[in-house]
Amino acid sequence: MFVDPPAPQPLQPGETPPASANAGLPSPDAVTSWEFNPDYQRLVMMWRQVLPVLDTLTASLDKAYQLARSRDVWDAPVSGRYVEDMTEWRTRLGLYRQAVLTSISDQAADTPRWVPVRAGAPHAFS
């Protein structure tokens, strides 16, 4: 079975921007105001939207798989073929889930949580 990658973490109550503000900025003496990166927030929202849908799909397929394996439901020679098909579907759904969640997690790992207000950071979803 697959393990979900780490989820992007939303802004926590009391979380503050980074303390060192002069790395790569034109004027180190200037006070920099920070904002929580809206692109990172979009990744958090995507994770929260996608995960329940994937969980629902997995639960539905698992329920059908358990019913297909039960001799109370199937007592025909063709039942083995249906169980094999469902095993393949479960594998493919697991791979799809891993791919979707990994892509969101990897993008979140590459996206800074905090950006200077006037940084002109690229917006991937605009």
Side-chain angles (χ1 to χ4, degrees):
M1 203 78 214
F2 298 103
V3 176
D4 289 343
Q9 297 300 314
L11 180 63
Q12 301 298 320
E15 183 179 350
T16 58
S20 92
N22 57 3
L25 294 176
S27 172
D29 357 340
V31 175
T32 304
S33 52
W34 295 84
E35 70 176 340
F36 194 72
N37 192 345
D39 291 336
Y40 191 89
Q41 182 61 35
R42 285 187 188 104
L43 292 169
V44 170
M45 290 171 40
M46 272 195 285
W47 183 279
R48 289 182 174 178
Q49 290 173 349
V50 166
L51 193 60
V53 174
L54 292 172
D55 286 342
T56 302
L57 286 171
T58 303
S60 297
L61 191 54
D62 285 347
K63 182 179 178 182
Y65 178 75
Q66 293 303 324
L67 288 173
R69 290 188 62 198
S70 171
R71 290 291 171 203
D72 296 336
V73 177
W74 292 99
D75 194 18
V78 297
S79 67
R81 186 178 70 210
Y82 290 115
V83 171
E84 289 172 9
D85 288 347
M86 286 188 184
T87 302
E88 178 65 25
W89 298 341
R90 290 174 74 206
T91 302
R92 289 183 184 192
L93 181 59
L95 292 171
Y96 179 74
R97 175 190 179 104
Q98 187 72 19
V100 169
L101 296 181
T102 299
S103 68
I104 295 171
S105 180
D106 288 351
Q107 184 68 34
D110 294 338
T111 304
R113 289 177 59 84
W114 294 91
V115 292
V117 173
R118 286 182 246 135
H123 296 286
F125 301 103
S126 57

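Values below: every heavy atom of this structure, side chains too, minus hydrogens, waters and symmetry copies.
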Are [Y] and [X] co-members of a hydrophobic cluster defined by side-chain heavy atoms under 4.5 Å apart?
X   : Y   : result
V50 : M45 : no
V83 : W89 : yes
L57 : Y65 : yes

message: Under a 3.5 Å distance rule, please check whether S103 uses its side chain to pair with a backbone N or O of V100 as donor and acceptor.
response: yes
Donor-acceptor pair, side chain of T102 and main chain of Q98, under 3.5 angstrom: yes
In Å, rounded to the nearest 0.5 Å, how long is the span from [atom1] of [X] to [atom2] of [Y]?
X    : Y    : atom1 : atom2 : result
R97  : L51  : CZ    : CG    : 5.5 Å
T87  : L61  : OG1   : CG    : 9.0 Å
Q49  : M46  : CD    : CE    : 8.5 Å
W114 : T16  : CH2   : OG1   : 7.0 Å
W47  : I104 : CH2   : CD1   : 6.5 Å
M86  : R69  : CE    : CZ    : 12.0 Å

Validation row: [X], [Y] side chains within 4.5 angstrom (heavy atoms):
X    : Y    : answer
V117 : W34  : no
E15  : R113 : yes
R90  : L93  : no
D39  : V115 : no

query: Can you name the closest pair of heavy atoms from F36 and Q41 and give their distance?
result: CE2-OE1, 3.3 Å
- request: Check P8 against L43 and note the closest heavy-atom contact, atom names and distance.
  value: CG-O, 3.8 Å
